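Take a look at the structure below.
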Protein chains: 2
Amino acid sequence: MATQRGRTGKGNGKANPAEDEAVYQAILHALLEGKLKAGTKLAEPPLADIFGVSRERIRKVLHRLGAERRLEMIPNRGARVPRPTLDDVRSVYEAHRVLEAGVLTQLVRHVDDALIERLNAHLAEERAAATRGDRAASVRLSGAFHVHLVEALGNAELSRFLADLLSRSSVMVSVYEPATDSICAVDEHGAIVEALRARDVARAIAVSREHFLHVESRLHLDDDTTPAAEDLTVVFGAVKPKRRKAR
Amino acid sequence: MATQRGRTGKGNGKANPAEDEAVYQAILHALLEGKLKAGTKLAEPPLADIFGVSRERIRKVLHRLGAERRLEMIPNRGARVPRPTLDDVRSVYEAHRVLEAGVLTQLVRHVDDALIERLNAHLAEERAAATRGDRAASVRLSGAFHVHLVEALGNAELSRFLADLLSRSSVMVSVYEPATDSICAVDEHGAIVEALRARDVARAIAVSREHFLHVESRLHLDDDTTPAAEDLTVVFGAVKPKRRKAR
DNA sequence: CTCGCAGAAAATGTGCACATTTTTTGGAGG
DNA sequence: CCTCCAAAAAATGTGCACATTTTCTGCGAG
């Protein structure tokens with residue numbers, strides 16, 4: 001009865017954009033969180049089952065994620081979590097590095113005390129998280145630092161591009177995990193702010209560059225390439241278990 | 001007979017990805033070419049009629065273009081050609097400027113004679129088009145110059161971002177047409193190459209910056225804001241007139 | 001035991017029939 | 001002549017029933 005199968009089941013096309021968004025967010029979140037391992041197949045029927053929505057709903061979301069290049073869509077063969085190569089990862093880091101060089105170049109023209117103050121406040125947060133040993137917060141704040149830099153320019157296009165790069169690299173760390181030990185070097189962030197305060201473009205760029213190369217160097221290839229079969233019901237554990245399949 | 005309307009028309013789900021692509025390309029092309037004025041409503045039924053495909057096909061393409069932010073999608077209200085504000089345009093130009101600063105910074109580390117030679121060859125083409133008075137070619141080559149620069153880095157992410165910016169600004173010129181007179185200053189491109197050859201980062205960036213500001217300054221607001229109602233059959237004139245409506 | 005290959009099962013792709021908005025139309029009243 | 005409002009018309013959104021394609025399965029030949 002759960003889904004009224006009686007009759008020919010004429011469409012009752014009731015609009016519910018929030019539901020689309022919920023499914024989208026759930027899958028995206030699982031993706032960014034690294035809960036979905038690279039190579040995992042995302043089939044429509046099981047997902048529709050798990051979220052308790054129609055298959056069309058799932059289909060639309062999957063295609064959207066594909067258009068955003070967060071999923072790999074193959075015609076007639078469905079969606080898979082992409083398995084980035086090491087070169088892909090380097091490409092993303094390099095892009096971030098190049099972008100930040102441009103951002104810093106532009107930023108030194110607009111630095112003011114207020115900006116420096118805001119950045120320093122952020123650095124304080126980072127240090128607090130580091131000494132606290134809160135790794136999750138450290139990772140998050142580390143990325144947020146670069147977001148702060150680009151957002152200081154107030155350019156929506158650039159901000160969006162950076163957000164795209166960050167989300168993509170955050171997925172990648174789950175494949176090429178950058179060593180769980182020491183955290184992203186808050187001091188390097190501090191050095192960037194210091195160079196900015198001094199209006200020293202060359203130094204800011206140099207420090208930023210070193211920072212990225214440092215992070216990049218920590219990447220190591222996990223050649224075990226786990227076949228990565230996964231149980232989706234576990235990943236999206238009890239999100240909206242309207243219906244289930246017995247089998 | 002063209003589209004077998006007899007029977008209840010049960011789904012004949014024959015896959016034809018090429019058709020999707022054709023419709024997508026047709027609309028995208030019209031958009032980039034500036035044939036679709038800002039604010040134009042793109043309704044599904046007429047488009048389906050013009051291209052001779054099902055409405056679902058059109059719908060999918062429209063949503064895809066919306067996801068790429070080339071069309072403005074409003075829930076329950078369909079797709080419209082976006083009407084960028086002057087600030088939007090400036091934002092795109094600024095993003096391009098900032099990005100190129102980063103690209104040049106990175107590029108001076110990898111310049112070699114072969115690259116300089118390629119760029120000079122391109123400049124020769126630009127000059128030829130300019131003296132020939134071929135405005136269309138000039139505009140195209142002017143954009144291609146910047147593409148050459150970023151592609152010299154061989155970074156797919158950066159190339160994609162630039163392509164995105166360029167395609168967006170090309171749409172915008174149809175709204176804020178940057179004076180049909182003198183062309184994009186080939187000399188400024190030449191100065192960038194010259195600075196690259198000399199490995200002079202600061203100068204390259206400065207020249208590039210001036211170049212963009214120069215182009216930006218030519219933008220002028222067309223406040224006439226044409227109501228822009230348009231006949232789609234004219235825009236997509238006889239692309240695939242399988243069926244037509246009499247009315 | 002491996003390989004190959006039908007047949008079955010499952011998954012993806014598409015048109016269509018509606019439900020739900022939104023937009024247009026046509027007067028009635030001020 | 002303009003404004004407001006209800007009914008009609010048109011457009012968008014959604015589930016579903018298929019067709020098509022891919023993947024899985026079982027079994028027999030080498």
Side-chain angles (χ1 to χ4, degrees), chain A residues 2-24 39-67 71-80 227 229 232 242-243 245-247, chain B residues 2-24 39-67 71-80 227 229 232 242-243 245-247:
Chain A
T3 50
Q4 64 184 115
R5 325 189 54 254
R7 284 290 109 217
T8 57
K10 52 250 327 251
N12 73 333
K14 65 170 168 182
N16 192 346
E19 213 163 66
D20 278 64
E21 196 59 19
V23 174
Y24 173 79
T40 306
K41 170 80 183 293
L42 292 181
E44 299 168 9
L47 288 175
D49 212 31
I50 291 172
F51 289 101
V53 301
S54 75
R55 189 166 70 84
E56 318 293 308
R57 213 58 85 85
I58 298 291
R59 155 176 283 272
K60 201 166 66 167
V61 169
L62 252 37
H63 279 267
R64 176 176 165 194
L65 287 166
L71 289 181
E72 190 177 352
M73 301 296 298
I74 308 176
N76 289 321
R77 297 188 48 181
R80 306 193 87 91
L232 295 179
K242 279 190 178 174
R243 18 171 175 165
K245 210 181 217 169
R247 285 225 66 174
Chain B
T3 50
Q4 64 184 115
R5 328 188 53 250
R7 284 295 106 222
T8 58
K10 52 257 320 256
N12 74 333
K14 64 172 168 183
N16 193 347
E19 213 164 66
D20 277 63
E21 196 58 22
V23 174
Y24 173 79
T40 307
K41 170 80 182 296
L42 292 182
E44 298 168 9
L47 287 175
D49 210 31
I50 290 172
F51 288 102
V53 302
S54 75
R55 190 166 70 87
E56 318 294 306
R57 210 62 82 88
I58 298 291
R59 154 175 283 272
K60 201 166 66 168
V61 170
L62 252 36
H63 278 267
R64 177 174 164 197
L65 287 165
L71 288 181
E72 191 179 349
M73 301 294 299
I74 308 176
N76 289 320
R77 298 189 46 180
R80 307 191 86 91
L232 295 179
K242 277 187 179 176
R243 18 171 174 161
K245 210 182 221 172
R247 283 233 66 178

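Just so it is clear, the model here is predicted, and its values are computed rather than measured.
- You'll find that the side chain of A:Arg77 is closest to D:dT22, out of D:dT22, C:dT12, D:dG13.
- A salt bridge is defined here as a Lys NZ or Arg NE, NH1 or NH2 lying under 4.0 Å from an Asp or Glu carboxylate O, and A:Arg59 with B:Glu56 fails to meet this definition.
- B:Ile58 places its CD1 atom 16 Å from the C1' atom of C:dC16, with the value rounded to the nearest Å.
- The CG atom of A:Leu47 sits 17 Å away from the P atom of C:dA10 (whole-angstrom rounding).
- We find that CD of B:Glu44 is positioned 14 Å from C1' of C:dT20, with the value rounded to whole Å.
- Across C:dG13, D:dG13, D:dT14, the shortest atom-to-atom separation from the side chain of B:Glu56 is found for D:dT14.
- Between the side chain of A:Arg55 and the base of C:dG13 there is at least one donor-acceptor pair of N/O atoms closer than 3.5 Å.
- Atom pair A:Arg59:CZ and C:dG13:P shows a separation of 5 Å (rounding to whole Å applied).
- In this structure, A:Arg57 is not positioned above the aromatic face of A:Phe51 in the sense of NZ or CZ being under 6.0 Å from the six-membered ring centre and within 45° of the axis.
- To the nearest angstrom, C1' of C:dT12 lies 13 Å from CD1 of A:Ile74.
- When distances are taken from the side chain of B:Arg57 to each of D:dT14, C:dG15, D:dA11, the shortest belongs to C:dG15.
- Tested against A:Glu44 for a salt bridge (charged side-chain N to carboxylate O under 4.0 Å, His left out), the candidates A:Lys60, A:Arg55, A:Arg77 yield a single pass: A:Arg55.
- Rounded to an integer number of Å, the gap from CG of A:Leu42 to P of C:dA10 is 20 Å.
- Distances from the side chain of A:Pro45 to the nucleotides C:dG13, D:dG13, C:dA11 place C:dA11 closest.
- Taking side-chain N and O atoms only, A:His63 has a distance below 4.0 Å to OP1 or OP2 of C:dG13.
- Rounded to an integer number of Å, the gap from A:Arg80 CZ to C:dA11 C1' is 12 Å.
- Closest approach of B:Leu47 and B:Leu42 over heavy atoms only: CD1-CB, 4.1 Å.
- When the nucleotides D:dT12, C:dT23, D:dG15 are ranked by their closest atom to the side chain of A:Ser54, D:dG15 comes out on top.
- One interatomic measurement links the two molecules: CZ of B:Phe51 to C1' of C:dG15, which rounds to 19 Å at whole-angstrom precision.
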